[in-house]
Amino acid sequence: MQQKFADLQAALTVPLPQLWSQLGQRQLRPELMDQPGLDPQAHQAALLGLGRINAMTRSAACFFPDIRRLAILNPARRLRLLDVACGGGDTVRAISRMAKREGIDLVVHGCDISAEAVSLAREAAEAEGLETHFFQTDAINSPLPGGYHLITTSLFLHHLTEVDAESLLRSMAAATLDQLLVHDLTRSHIDLLLTWIGTRLLSRSPIVHIDGPLSVGGAFQLDEVAQLAAAAGLVGAQITKFWPERFLLSWSRNAANA
């Protein structure tokens with residue numbers, strides 16, 4: 001098993017200078033995290049490492065202004081949020097904690113294709129005593145469940161082909177009652193440098209060290225995100241850029257119908 005993992009690492013690793021020189025065009029490459037038969041312990045270590053990185057970059061915080069706005073507009077309504085491709089559930093837990101601190105009545109669910117990720121997410125939430133729910137689903141090949149006022153996804157879009165990314169946006173728009181929010185990396189030399197350094201400082205996982213820079217190479221630039229949103233029919237979608245080299249795509253059903 002260890003030799004197989006080492007061989008896989010060697011096969012998927014791309015040298016930093018090569019990644020750097022190819023950022024002009026999107027390069028969607030296979031990542032270790034997505035490989036079948038990944039050792040569960042290595043998978044969990046990677047998910048925990050990614051959780052630390054997401055906490056440092058305050059990934060969940062970018063969603064909260066819109067959550068707060070909906071709560072103010074609907075003070076008597078209990079809001080429901082679904083985080084797609086939730087991984088280890090760190091975004092779900094962070095949103096749940098922020099809502100609790102601000103007294104917002106919010107139910108937060110997460111879904112992921114990986115049974116290992118769902119199990120880890122559920123255990124971590126239970127350990128914190130958070131009222132969350134996690135379930136396994138293939139968000140690309142199956143319709144998303146309805147009944148959610150907000151549907152979010154964080155750092156998932158860059159894993160997808162253009163066709164699948166457009167399909168995901170359409171599925172999120174069809175399922176949400178109010179709004180969808182997509183947070184992801186921006187493909188740039190600055191982001192590649194920050195990611196290469198940050199993954200090594202905040203995680204010992206070789207999966208994180210390899211996949212982090214590969215993710216930047218597979219990320220979209222802002223004009224490419226706008227094209228995806230237009231192709232998915234997200235009329236009135238807004239795209240904002242924030243530190244560290246991230247973007248937030250926001251689409252509201254009310255704005256589209258206005």
Item to complete: Give the C-alpha distance, both sets of side-chain angles, the deciding distance and a yes or no for side-chain contact (heavy atoms from CB on, under 4.5 Å) between Asp184 and Thr153.
Response: CA-CA 8 Å; Asp184 215 303; Thr153 189; over 6 Å; no

Discussion item. Test your reading of the model: is there a side-chain donor-acceptor pair from Asp112 to the backbone of Val118, 3.5 Å cut-off?
Written reply: no

Fill in: Side-chain donor/acceptor of Arg29 to backbone N/O of Gly218, under 3.5 Å
no

Worksheet item: Just wondering, are more than 12 heavy atoms of other shown residues or ligands nearer than 6.0 Å to CD in Glu128?
Response: yes

Item to complete: Provide the closest heavy-atom pair for Ile151 versus Ala175 in the form atom of the first, atom of the second, distance.
Response: CD1-CB, 3.5 Å

Item to complete: Would you check, one step at a time, whether the test side-chain contact (heavy atoms from CB on, under 4.5 Å) holds for Leu81 with Thr152?
Response: CA-CA 7 Å; Leu81 182 149; Thr152 64; 3.9 Å; yes

Practice prompt. Treating Ile, Leu, Val, Met, Phe, Trp and Tyr as nodes and any side-chain heavy-atom pair under 4.5 angstrom as an edge, say whether Met56 and Val92 lie in one connected cluster.
Written response: no

Discussion item. Could you tell me if the side chain of Leu168 sits less than 4.5 Å from the side chain of Ile140, heavy atoms only?
Written reply: yes

Worksheet item: For the atom pair CG (Leu157) and CG (Leu185), what is the distance rounded to the nearest 0.5 Å?
Response: 10.0 Å

Item to complete: State whether the side chain of Gln179 and the backbone N or O of Trp251 hold a donor-acceptor pair below 3.5 Å, judged by distance alone.
Response: no

Discussion item. Using a 3.5 Å distance criterion without hydrogens, assess whether the side chain of Ser21 forms a donor-acceptor pair with backbone atoms of Gln18.
Written reply: yes

Item to complete: With the side chain counted from C-beta on, respond yes when Leu192 and Pro213 share a heavy-atom pair under 4.5 Å apart, and no when they do not.
Response: yes

Worksheet entry | Neighbour count >12 (heavy atoms, 6.0 Å) for atom CZ, Arg204 | no

Worksheet item: Can you name the nearest heavy-atom pair linking Gln35 to Pro30, along with the distance?
Response: NE2-CB, 3.9 Å

Practice prompt. Indicate, with yes or no, if Leu70 and Leu82 share a hydrophobic cluster defined by side-chain heavy-atom contacts under 4.5 Å among Ile, Leu, Val, Met, Phe, Trp and Tyr.
Written response: no

Worksheet entry | Nearest-0.5 Å distance, CZ of residue Arg68 to CG of residue Leu106 | 12.0 Å

Worksheet item: Are there more than 12 heavy atoms of other residues, nucleotides or ligands under 6.0 Å from atom CD of Glu131?
Response: no

Worksheet item: Can you check whether Leu32 reaches Gln9 side chain to side chain, under 4.5 Å on heavy atoms?
Response: yes

Worksheet item: For Phe134, does its backbone N or O pair with a side-chain atom of Arg122 as donor and acceptor, under 3.5 Å?
Response: yes

Discussion item. With rounding to the nearest 0.5 angstrom, report the CD to CD distance, Glu116 to Gln44.
Written reply: 4.5 Å

Worksheet entry | Steps toward side-chain contact (heavy atoms from CB on, under 4.5 Å) verdict (Ser154, Asn54) | CA-CA 10 Å; Ser154 183; Asn54 290 340; 5.7 Å; no

Worksheet item: Got more than 12 heavy atoms from elsewhere within 6.0 Å of CZ, Arg58?
Response: no

Response to the item:
Tested for side-chain contact (heavy atoms from CB on, under 4.5 Å) against Leu222, the lone hit among Leu249, Thr240, Ile239 is Ile239

Worksheet entry | Atom CD of Gln238 with >12 non-hydrogen neighbours under 6.0 angstrom | no

Fill in: Between CE on residue Met98 and CZ on residue Phe63, distance to nearest 0.5 Å
9.5 Å

Worksheet item: Between Ala165 and Leu228, which heavy-atom pair has the shortest distance, and what is it?
Response: CB-CD1, 4.0 Å

Worksheet item: Quick one: does Thr199's side chain have a donor or acceptor within less than 3.5 Å of a partner on Thr195's backbone?
Response: yes

Worksheet entry | Side chain Ser215, main chain Asp211, donor-acceptor under 3.5 Å | yes

Discussion item. I'd like to know if the side chain of Arg93 reaches the main chain of Gly88, judged simply by a donor and an acceptor atom lying under 3.5 Å from each other, with no hydrogens or angles considered.
Written reply: yes

Worksheet, complete the sentence: Contacts satisfying ring-ring contact (aromatic ring centres under 6.0 Å, His included) that involve residues 147-197 (not counting sequence neighbours) are Trp20-His189, His109-Tyr148, His183-Phe242

Worksheet item: Closest approach of Ile210 and Leu12, non-hydrogen atoms and distance?
Response: CG2-O, 4.2 Å

Practice prompt. Starting at CD1 of Ile72, measure out to CD1 of Ile67 and round the result to the nearest 0.5 Å.
Written response: 12.0 Å

Fill in: From CA spacing to verdict: side-chain contact (heavy atoms from CB on, under 4.5 Å), Arg246, Ser59
CA-CA 9 Å; Arg246 306 291 178 92; Ser59 294; 3.5 Å; yes

Worksheet item: CD1 of Ile190: more than 12 outside heavy atoms within 6.0 angstrom?
Response: no

Worksheet item: Does Gln221 offer a backbone N or O that forms a donor-acceptor pair with the side chain of Arg26 under 3.5 Å?
Response: no

Worksheet item: Any link between Leu155 and Phe64 through a network of hydrophobic side chains (Ile, Leu, Val, Met, Phe, Trp, Tyr) touching at under 4.5 Å?
Response: no

Item to complete: Drop me the distance from Leu234's CG to Ser252's OG, to the nearest 0.5 angstrom.
Response: 11.0 Å

Discussion item. Is it the case that the side chain of Thr176 and the backbone of Met172 share a donor-acceptor pair, with hydrogens and angles ignored and the cut-off at 3.5 Å?
Written reply: no

Worksheet item: Should Leu16 and Leu193 be regarded as members of a common hydrophobic cluster, given that ILVMFWY residues are connected when their side-chain heavy atoms come within less than 4.5 Å of each other, either directly or indirectly?
Response: yes

Fill in: Pairs meeting criterion ring-ring contact (aromatic ring centres under 6.0 Å, His included) with involvement of residues 27-53, two or more places apart
none

Fill in: Closest non-hydrogen atom pair between Ala139 and Val84, with its separation
CB-CG1, 3.5 Å

